[in-house]
Structure formats: C-alpha cells, structure tokens
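First comes the structure, then the notes that go with it.
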Amino acid sequence: MSVRTRRIRTTAAALAAAAGVAAAAVPAAAATAPTSTTPRFLEPAELPPHPTSPWYAGPVTAGQPDPLPVCVGEALPSIASHRSYWTEYDTSAQQITVVERDVQRAKDFAALLRKDIAGCAKKLMEQDPDITASQKYYGRLNVEEGAHVYGLHTASAWGSSDIGLFSVGRDGRTVTVVLWGQMGNFQHAQVSDFKTTTVTAVNKLY
C-alpha cells in the first residue's frame, strides 16, 4: 500500500510536527533511541481511531523533533525522544518524552510546557496577523502525577482551518507530551479518544 505521508500545513496541524515526515527513512542505528533508557511510547493502535485509515508510526528517535512542534517546541531540550505517527489522510500525531534528572526538574518542565500551551493562541496571532487562533482547556486527567489536555484551533486568511489537541503528563521524573492534529475545528476534535490515548501514554512511562 502506498502511504500518503504529506506534511500538514504549519499552524495548528503542525502541532503534530508534520508527523508524515519520513521518520522511518532515518537510519535506525543513528536515530533510534536506546531501548534501555527510553520510556515506552504509544503504538499506532493506541492513537484516536481514524474512521478510514490505520495509523502508521516511525521509530522512537533521540533528540528534538525536526521541525519543532508548535506551542511546545521551544521548550524541548536536546535530551528529548520522540515518535511520529500519521494516517493516509491529513491526520497526524506525535509523542515527545523527556526524562529529567530529578522529580523537581520534571515538575518545573511540565509546568513550563503547560504555560507555553496556555499562551499559544495569543502568540500565534502576534506572530502572524493572517492567523486567527483560539484554544480550550479540557481538564486534568487522574493518571500517575496527572496529565492536562488542551485544544487549539487556527484559521487563516486564505481559508485553512486546523484543529489540534495537546496533552502534558508526568510520571515521577519523566514528562511526556502527546500531540494530535488534522484539518477541521473544535467540533472535529476527538477529545474523549485523545484523553484515552493520553492516559495510555502516561501509564506506559516507567
């Protein structure tokens, strides 16, 4: 089967960091993070179900994603690991995990990510006057040390409309971010499924 791995436009759909990038094409010896030091990542079947396509996944890769995902990218350290996911259509996702040196640093990092997400819509509109952005907070999930879920919608002057979901969760000194994006608006956000995915992701940390 020919899998369509086209990048989704930058704005809200870029929150998945164009998960269609050919991550699987990166040589495994150079890109795959050591399994002994890497928390478990989501499997494709654990993503919010797509109505007409399976999910596909690249390898777990050491380092920051390239390109950096919107809203959270600037805060990501070089010690991050990530995995990209995509469907045959304009839906993509990404998980990024950081193992900090101690619990306090992990708490501080998770708080920084949540702060960046909370201010993301305003920042996007300041950076690009052709973009209109709005966001929602979907609450805290009771898993390990907790996870928080957010939604972001962007619309452009040229007619694009993208919806994205973010979550930030922590287990001890490990922080994970899950991103999901597609064309659409808040009505198209699979919030309930995404919360389930987030709980799974945090439970799979150490």
What are the two closest non-hydrogen atoms of [X] and [Y], and how far apart are they?
X    : Y    : value
Q64  : P77  : CG-O, 3.3 Å
G58  : W86  : N-CZ3, 3.4 Å
L165 : A189 : CD2-CB, 4.0 Å
S84  : Q94  : OG-NE2, 2.9 Å
F109 : E100 : CB-OE2, 3.7 Å
I131 : W158 : CD1-CH2, 4.2 Å

Between Y138 and K195, is there a cation-pi geometry (under 6.0 Å to ring centre, at most 45° from the normal)?
no

Measuring from [X]:[atom1] to [Y]:[atom2], what's the distance to the nearest 0.5 Å?
X    : Y    : atom1 : atom2 : result
E144 : T174 : CD    : OG1   : 10.0 Å
D171 : K204 : CG    : NZ    : 14.0 Å
T200 : F41  : OG1   : CZ    : 14.5 Å
L47  : W180 : CG    : CH2   : 10.5 Å

Would one find more than 12 heavy atoms of other residues, nucleotides or ligands at under 6.0 Å from atom CD of Q187?
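Counting other residues, nucleotides and ligands, CD of Q187 stays at 12 neighbours or fewer.
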
For atom CD of E74, decide whether the heavy atoms of other residues, nucleotides or ligands shown that lie under 6.0 angstrom number more than 12.
no

Contact between [X] and [Y] at the side-chain level, heavy atoms closer than 4.5 Å - yes or no?
X    : Y    : result
V143 : T198 : no
E88  : P54  : yes
D128 : S156 : no
I163 : H153 : yes
V168 : V175 : yes
C71  : Y150 : no
P65  : L76  : yes

[X] (side chain) donor-acceptor with [Y] (main chain) under 3.5 angstrom:
X    : Y    : answer
S161 : G184 : yes
E145 : G172 : yes
Q95  : L42  : yes
S167 : H148 : no
W55  : E46  : no

Are any of the side-chain nitrogens in R83 or E43 under 4.0 Å away from the carboxylate oxygens of its partner?
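Yes, charged N to carboxylate O under 4.0 Å.
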
Positive for side-chain contact (heavy atoms from CB on, under 4.5 Å) with F194, one of V178, L179, V199:
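Going through the options one by one, the only one that passes is V178.
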
Among T91, T87, D90, find the residue that satisfies the side chain to side chain donor-acceptor pair (under 3.5 Å) test when tested with Q182.
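That would be T91; it is the only one of T91, T87, D90 passing the side chain to side chain donor-acceptor pair (under 3.5 Å) with Q182.
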
Stepwise side chain to side chain contact (heavy atoms under 4.5 Å, CB included) check, R173 with R105
CA-CA 7 Å; R173 63 190 184 96; R105 287 179 64 89; over 6 Å; no

Hey, quick one: are [X] and [Y] part of the same hydrophobic cluster, counting side-chain heavy atoms closer than 4.5 Å, chains of contacts allowed?
X    : Y    : value
V202 : L112 : no
V103 : L113 : no
V72  : M125 : no

